Amino acid sequence: MHLTLSAAAHRPAAAAEPQGGIAGWAAGLVETFGGPGAGAAIALENVFPPLPSEVILPLTGFAASQGVLSIASALFWTTLGSVVGAVVLYGVGAVFGRERMHAWWAKLPLVKASDLVRTEAWFARHGTKAVLLGRMVPVFRSLISVPAGVERMPLPVFVALTTAGSLVWNTVLVMAGYLLGDQWDVVGAYVGVASKVVLGLAVVALAVYVTMRVRGRGREKP
């Protein structure tokens, strides 16, 4: 990775200069293709959540600080990439459909059809907020697109909410990388901690749910 350009020549050697792994791959895309490369990386991140936006976006901001691309280009292309990736997962949910979802749900242990019905009702009431705010939560920002597709949220509404939420998330992380410069990787460390907290809470919630379902079924037995 050579995101050093002229400005970097006057800076201390940066431990954050990515040479390999996901950071190196993303940096190569940005350096070679500029904004479209950053957009492609984020589109893939939306489809494959293990690719961390908290690395790709600050790195794109760092590239902008080095003159590889402009801030406007970085925000435009990463937001476009977010929308494209989200629409792909929306399409997966739409193709899967409610009937298949119900058939698959009925085969799962510890759940009832009424649970899915209640979930659908919740999404009908709060789906717009979930899609908008979900774009700012790691991992969830990708997964929320699937139920939106299953429930056939109007595509223009989905795209508008995804664009708005993604623009906020992308702006915060890209600008953080831009302002931190060589220390762009600090952003990923902090967001990574937040991601682990969110995932930890989700695991706890799932464990509580499963426990309650098991106990509930135990009481139902004669």
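Values below: every heavy atom of this structure, side chains too, minus hydrogens, waters and symmetry copies. Treat the numbers as computed from the prediction; the structure is a model and nothing was measured.
For the residue pair A74 and T60, the shortest heavy atom distance occurs at CB-CG2, 3.7 Å. The minimum heavy-atom distance linking L57 with L173 is given by the pair CB-CB, 3.6 Å. Of all heavy-atom pairs between L132 and A164, the closest is CD1-CB, 3.9 Å. Considering every non-hydrogen atom in both V131 and A148, the closest pair reads CG2-CB, 4.2 Å.
T79 pairs by the side chain to side chain donor-acceptor pair (under 3.5 Å) definition with N170, not counting sequence neighbours. Annotation: side chain to side chain donor-acceptor pair (under 3.5 Å) contacts of S166 (sequence neighbours excluded): R135. Here I71 pairs with A64, L75, V174, M175, Y178 under the side-chain contact (heavy atoms from CB on, under 4.5 Å) rule; sequence neighbours left out. Partners of P154 by side-chain contact (heavy atoms from CB on, under 4.5 Å), not counting sequence neighbours, listed by chain and number: P156, V157. V159 is linked by a side-chain contact (heavy atoms from CB on, under 4.5 Å) to V83, V87, L155, T163, counting only residues two or more places apart in sequence or in another chain.
If you chain together ILVMFWY residues whose side-chain heavy atoms come under 4.5 Å of each other, W77 ends up grouped with F76, L80, V84.
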If you look only at distance, which donor and acceptor atoms sit under 3.5 Å apart when one is on a side chain in residues 33-44 and the other is two or more places apart or in another chain?
none

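Rounding to the nearest 0.5 angstrom, the gap separating the CG atom in L133 from the NE2 atom in H126 is 12.0 Å.
Annotation: side chain of V30 is not in contact with side chain of L59 (no heavy-atom distance under 4.5 Å). At a threshold of 4.5 Å between non-hydrogen side-chain atoms, the residues L89 and N46 do not count as touching.
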